[in-house]
Amino acid sequence: MSSPLRIAVVGATGAVGMELLKLLEREPFPIAEVHALASAKSAGAALPFKGSTLTVQDLESFDFHKADIAFFSAGAARSKSFGPKAVECGCVVIDNSSAFRMDPSVPLIVPEINGHVIGPGDRYIANPNCSAIIMLMAVAPLRKLGAIDRLIVCTYQSASGAGATAMEELLQQTREFLDGEALTRRVFPHPYAFNLFSHNTPIDEDGLNEEERKVIEESRKILGDADLRINVTCVRVPVLRAHSEAIIVEFVGPAPSLESVREAYASAPGVKMVDDAANNHFPMPLEASGIHEVLVGRIRHDPSSPHGLCLFVSGDQLLKGAALNAVQIAEFMVESGYIVPRSVVS
Ligand SMILES: NC(=O)c1ccc[n+]([C@@H]2O[C@H](COP(=O)([O-])OP(=O)(O)OC[C@H]3O[C@@H](n4cnc5c(N)ncnc54)[C@H](OP(=O)(O)O)[C@@H]3O)[C@@H](O)[C@H]2O)c1
């Protein structure tokens with residue numbers, strides 16, 4: 001049994017931060033205390049924790065010597081400003097933002113897939129993009145069935161992927177739409193209720209938006225396959241929580257049998273098959289919301305290619321796409337003896 005650890009949650013008032021606190025309430029590893037951090041405007045607010053409350057502290061004035069693990073979920077700018085400082089103060093940082101994901105010295109981790117690349121000296125770990133995690137949870141178990149040549153993916157991304165204010169925007173716009181009122185826009189550039197649009201991130205010179213670029217580059221890094229061909233189209237849909245994705249996996253050789261695919265998923269941790277063709281029941285965001293597993297279904301061969309396997313997946317991107325994956329990384333590092341309280345070290 002390891003000694004209790006002191007935890008800092010940066011961005012504790014946000015959509016991911018609130019999920020982190022709920023997961024930490026269950027003590028995935030022994031916890032001595034939790035510091036809830038956010039911006040100055042939230043300082044002093046009370047957040048529920050274990051039947052009591054945590055008082056939110058201002059990130060700017062927090063002394064990271066008071067923590068052993070710091071979970072960052074407050075945007076890339078805050079991670080860049082405060083993440084390296086937290087490491088200097090002796091913390092292990094697990095960062096949900098994109099700030100250092102592609103830094104070659106920073107492990108980018110989905111524990112079920114590449115947890116083994118974390119070493120005892122690693123103090124800064126990046127949590128991947130949520131769409132990449134959900135896609136890879138379905139794709140990685142298939143690698144034992146044959147070499148993968150190419151992925152073709154379309155995403156159906158929920159409001160929660162853009163944070164708590166975006167979720168409120170979808171709810172408010174839905175009410176306004178039904179009441180025949182003008183739609184209030186704060187986060188998204190287009191009407192969101194009863195609509196969908198190409199992902200709201202900037203487009204680069206190749207015509208890819210930032211989300212698509214992240215899925216491609218981060219997936220290659222996580223799988224350790226710099227040449228993997230990936231074509232992804234990211235779309236925002238008016239779903240409150242949990243991302244879905246239609247995925248075509250193209251194998252170098254013929255696609256594996258559907259029976260072997262189902263066997264691979266039956267033994268894959270963190271994956272649950274929902275593949276009931278008789279009742280037309282396949283992964284749905286409402287059923288993926290609030291659960292730890294990524295749902296995988298509509299498993300079928302590609303009628304247009306002998307190399308193709310088609311899937312449809314839904315996963316709670318606030319959980320496996322963010323908070324849960326981060327806590328699993330911490331759990332793995334505690335169990336491996338890579339994180340110990342500094343009182344024990346000194
Ligand atoms: N949502 C997802 O599905 C998801 C998935 C993977 C990764 N991420 C990443 O996780 C991070 C948080 O996302 P989210 O969806 O939880 O966003 P969110 O709901 O908008 O929450 C943002 C959090 O950051 C805090 N924050 C903002 N500016 C700050 C500042 N200047 N100083 C200190 N704290 C500040 C906010 O505190 P206040 O309440 O005080 O403003 C809030 O706690 C982002 O980097 C995002 O890219 C999100």
Side-chain angles (χ1 to χ4, degrees), residues 8-23 35-47 54-62 64 70-83 85-86 93-101 108-110 125-137 155-171 186-188 199-201 210-211 214-215 218 222 234 236-237 239-245 285 288-290 294 314-329:
V9 177
V10 182
T13 53
V16 175
M18 299 290 273
E19 293 300 328
L20 264 163
L21 290 179
K22 279 192 231 159
L23 291 166
H35 298 278
L37 310 175
S39 74
K41 82 171 162 54
S42 304
L47 295 178
L54 297 172
T55 303
V56 177
Q57 305 170 61
D58 183 358
L59 167 64
E60 291 274 349
S61 53
F62 182 70
F64 279 95
F71 293 100
F72 272 72
S73 306
R78 262 66 61 192
S79 294
K80 284 180 184 155
S81 303
F82 294 94
K85 284 182 196 162
V93 170
I94 301 174
D95 185 3
N96 272 300
S97 86
S98 58
F100 297 103
R101 285 180 190 152
L108 182 64
I109 299 297
V110 182
I125 313 291
N127 205 64
N129 168 275
C130 47
S131 302
I133 296 179
I134 288 163
M135 176 183 87
L136 292 176
M137 286 297 290
T155 72
Y156 306 77
Q157 297 185 222
S158 64
S160 55
T165 314
M167 296 171 81
E168 283 164 28
E169 181 160 316
L170 176 57
L171 291 170
R186 282 181 291 165
V187 177
F188 294 117
H199 197 276
N200 51 297
T201 42
E210 205 173 79
E211 182 82 351
K214 285 178 186 172
V215 171
E218 294 181 25
I222 294 160
C234 290
R236 194 71 79 178
V237 296
V239 164
L240 203 54
R241 179 166 174 159
H243 290 352
S244 301
E245 305 182 21
S289 292
V294 170
S314 287
D316 189 328
Q317 93 304 323
L318 289 177
L319 286 172
K320 186 57 192 169
L324 174 65
N325 197 68
V327 169
Q328 288 172 331
I329 291 169

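In listed order, ligands and their atoms are each counted from 1. On a predicted model such as this, the values are computed, not experimentally measured, just so you know.
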So F64 and F72, would you call those rings parallel, tilted or perpendicular, with 30° and 60° as cut-offs?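 Correct class here is parallel.
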Mind listing the closest non-hydrogen atom pair of S97 and G75 along with its distance?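 That closest heavy-atom pairing would be CB-C, 3.7 Å.
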For the CZ atom of F188 and the CD atom of E169, what is their distance to the nearest 0.5 Å?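 Reported value, rounded in 0.5 Å steps: 6.5 Å.
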With a 4.0 Å cut-off, would you call R241 and E19 a salt bridge?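 So R241 pairs with E19 through a salt bridge.
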Side chain to side chain donor-acceptor pair (under 3.5 Å) evaluation trace for S160 with Q317: CA-CA 8 Å; S160 55; Q317 93 304 323; 2.7 Å; yes
Out of I109, N325, L136, which residue meets the side-chain contact (heavy atoms from CB on, under 4.5 Å) rule with P128?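 Single side-chain contact (heavy atoms from CB on, under 4.5 Å) partner of P128 among I109, N325, L136: N325.
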Taking only heavy atoms of the protein into account, state which residues are under 4.0 angstrom from an atom of ligand 1, in chain and number order.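 G11, A12, T13, G14, A15, V16, A38, S39, K41, S42, L59, S73, A74, G75, R78, N96, S97, C130, S160, G161, G163, A164, Q317, L318, G321, A322.
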